[in-house]
Every structure is written in C-alpha cells, then in structure tokens.
Amino acid sequence: MKKLVLLMVMILFFSCGSHRSFQSFFNNHKNDIGVTAFQVPNFMRSLLGSISPEMSSVFSNVRDFKFLTFKNMTREKQQLLIKEMNMVTGDRFTDVLRVNTLEKTKIVSVLEHVDVVKQAIIFNSTLDKTSVFYLKGNFDPNQIKKISEANQFEDLSNKLLQQYSISTPGINPIN
C-alpha cells in the first residue's frame, strides 16, 4: 500500500511539473542582464488602446500585459529561452503559428476557452533580440495572429517604452 501511495505522489509531482506559468518565466528573467521588462499596470491600460486602431480592438479586453526583451544573446541563452518557452506553452496552449529556423524562432501560442482566447504568448527569437509578449483577457485568435505577423507587437513595445520614459523621466521600466 505504501508503494502505491508513493507511486501516486510521484506521478502527481511529475505531471504537475511538466509546464510552467508565464508569470514564473517573467519573474525568472526580469532581472537578467540586458533585459527590458515591462508590465502594464491598471492605470496605463488605456494607453494600450490609444497607440493604434488595430491595437485598440485587441486591448479593449486586456486584464494583463507583460513583455520582456533580451538583447545580444549567445546561442546557448537563446536555446534556453526557447526550451523554457516550450515548457510554458506545453500541453495547455495551442500554437497558432510556429516558425523554427536556424536564424529565427517565432511562436504564437494561445490558451482558449470555447472560441475565445484567454491568454496569448508571442515569442520572437534571434541572436540579436528575443522578445516575449503575454496577454490575458478575451481575444480573437485570428486578430492576434494577424497583428503578430505584421510585427505590430514589436512596434507596440517600442512605443510603450518611449511613452513610459517620456512620462516618467529617469525611471527604468524594469520591475
């Protein structure tokens, strides 16, 4: 009987450990050297929709928005980030788009409930720059894919960082 209980505990432990949350990924990397981390607080969510008409429709239902940007990485660091992102998306998320080449890895992965996307992760990685965007709310999966393919998330991150640094001079947006 003890062996059976021990076996059940081990199965439970290993099955729960097969994926990670985006929050743990964010917390583990926000203090890395060369990383810019940004988490949009509640009072700034109205800024998201004012950046462009396309973004306004996406961000009307946003409850959480975070992004990380890694610059000048080694191949080993890039491979580690790709592996960790695969663990985050794992079984729970559905890949809307995945491109794996030697030069670039791009992942658009969503967590759906019925026909509505509840969480979206947009991951773009090259040796020059890796960026990860996380959205939580209610979204149309096709809209997320379209905006990602047009690299509008990259434009959004640049505009947000610029807006944030203008409104709060001397403050670095790393949490």
Side-chain angles (χ1 to χ4, degrees), residues 16-32 35-70 81-100 104-125 129-168 171-175:
C16 291
S18 64
H19 73 277
R20 295 176 47 184
S21 69
F22 185 82
Q23 187 63 49
S24 66
F25 178 86
F26 184 84
N27 290 340
N28 287 341
H29 292 291
K30 68 182 181 181
N31 295 316
D32 290 0
V35 167
T36 300
F38 196 86
Q39 182 170 349
V40 178
N42 290 335
F43 75 91
M44 287 186 68
R45 287 204 187 120
S46 62
L47 276 177
L48 295 175
S50 67
I51 290 181
S52 74
E54 297 85 10
M55 291 298 172
S56 179
S57 62
V58 170
F59 288 108
S60 61
N61 295 315
V62 169
R63 291 192 320 257
D64 191 7
F65 175 70
K66 299 176 180 79
F67 73 83
L68 293 163
T69 302
F70 303 81
L81 292 174
I82 293 168
K83 181 180 176 183
E84 287 182 20
M85 190 49 52
N86 287 334
M87 290 173 59
V88 170
T89 57
D91 304 340
R92 302 174 345 147
F93 283 76
T94 301
D95 287 347
V96 176
L97 173 70
R98 184 175 283 264
V99 177
N100 296 311
K104 181 176 186 173
T105 296
K106 182 170 191 156
I107 303 168
V108 178
S109 199
V110 299
L111 182 63
E112 295 177 292
H113 181 68
V114 188
D115 290 335
V116 177
V117 171
K118 295 295 189 176
Q119 296 178 48
I121 296 174
I122 299 88
F123 179 85
N124 291 299
S125 183
K129 181 179 178 184
T130 294
S131 60
V132 188
F133 297 86
Y134 172 79
L135 300 159
K136 185 175 184 179
N138 295 310
F139 312 101
D140 175 4
N142 294 322
Q143 196 172 29
I144 297 289
K145 182 180 177 192
K146 179 181 163 187
I147 290 172
S148 174
E149 287 174 339
N151 289 325
Q152 288 180 318
F153 284 107
E154 293 293 327
D155 295 340
L156 172 66
S157 67
N158 293 333
K159 289 177 182 176
L160 276 174
L161 289 172
Q162 181 181 17
Q163 178 68 32
Y164 189 79
S165 64
I166 289 170
S167 64
T168 54
I171 297 179
N172 188 346
I174 297 176
N175 291 341

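We number each residue from 1, following the sequence as shown. Predicted, not measured: the structure shown is a model, and the values here were computed from it.
With contacts defined as side-chain heavy-atom distances shorter than 4.5 Å, the pair Thr89/Phe123 does not qualify. Residues Lys104 and Val99 are not in side-chain contact: their nearest non-hydrogen atoms beyond the backbone lie 4.5 Å or more apart. A 4.5 Å side-chain heavy-atom check between Lys66 and Val132 finds every atom pair outside the cut-off. Side chains of Gln119 and Val110 form no contact here, defined as non-hydrogen atoms less than 4.5 Å apart. No side-chain heavy atom of Thr130 sits less than 4.5 Å from a side-chain heavy atom of Ile82. Using a 4.5 Å heavy-atom cutoff, the side chains of Ile107 and Asn86 are in contact.
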Can you list the steps and then say if Asn124 with Lys129 is a side chain to side chain contact (heavy atoms under 4.5 Å, CB included)?
CA-CA 8 Å; Asn124 291 299; Lys129 181 179 178 184; over 6 Å; no

Determine, stepwise, if the pair Phe67 / Ile122 fulfils side chain to side chain contact (heavy atoms under 4.5 Å, CB included).
CA-CA 9 Å; Phe67 73 83; Ile122 299 88; over 6 Å; no

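Remark: Tyr134 engages Phe22 in a ring-ring contact (aromatic ring centres under 6.0 Å, His included) (not counting sequence neighbours). In this structure, Lys136 has no salt bridge (charged side-chain N to carboxylate O under 4.0 Å, His left out) partners at least two apart in sequence or on a different chain. With sequence neighbours excluded, no residue satisfies ring-ring contact (aromatic ring centres under 6.0 Å, His included) with Phe93. Checked against side-chain contact (heavy atoms from CB on, under 4.5 Å), Asn28 has the following partners two or more places apart in sequence or in another chain: Arg20. Thr105 pairs by the side-chain hydrogen bond (donor to acceptor under 3.5 Å, both in side chains) definition with nothing, not counting sequence neighbours. With sequence neighbours excluded, no residue forms a side-chain hydrogen bond (donor to acceptor under 3.5 Å, both in side chains) with Thr94.
Residues His29 and Leu68 share a closest heavy-atom pair of CB-CD1, 4.3 Å. When all heavy atoms of Arg63 and Asn138 are compared, the pair lying nearest together is NH1-ND2, 4.5 Å.
To the nearest 0.5 Å, atoms CE (Met85) and NZ (Lys83) are separated by 14.0 Å. Distance check, rounded to the nearest 0.5 Å: CD1 of Ile121 to CG of Asp95 gives 10.0 Å.
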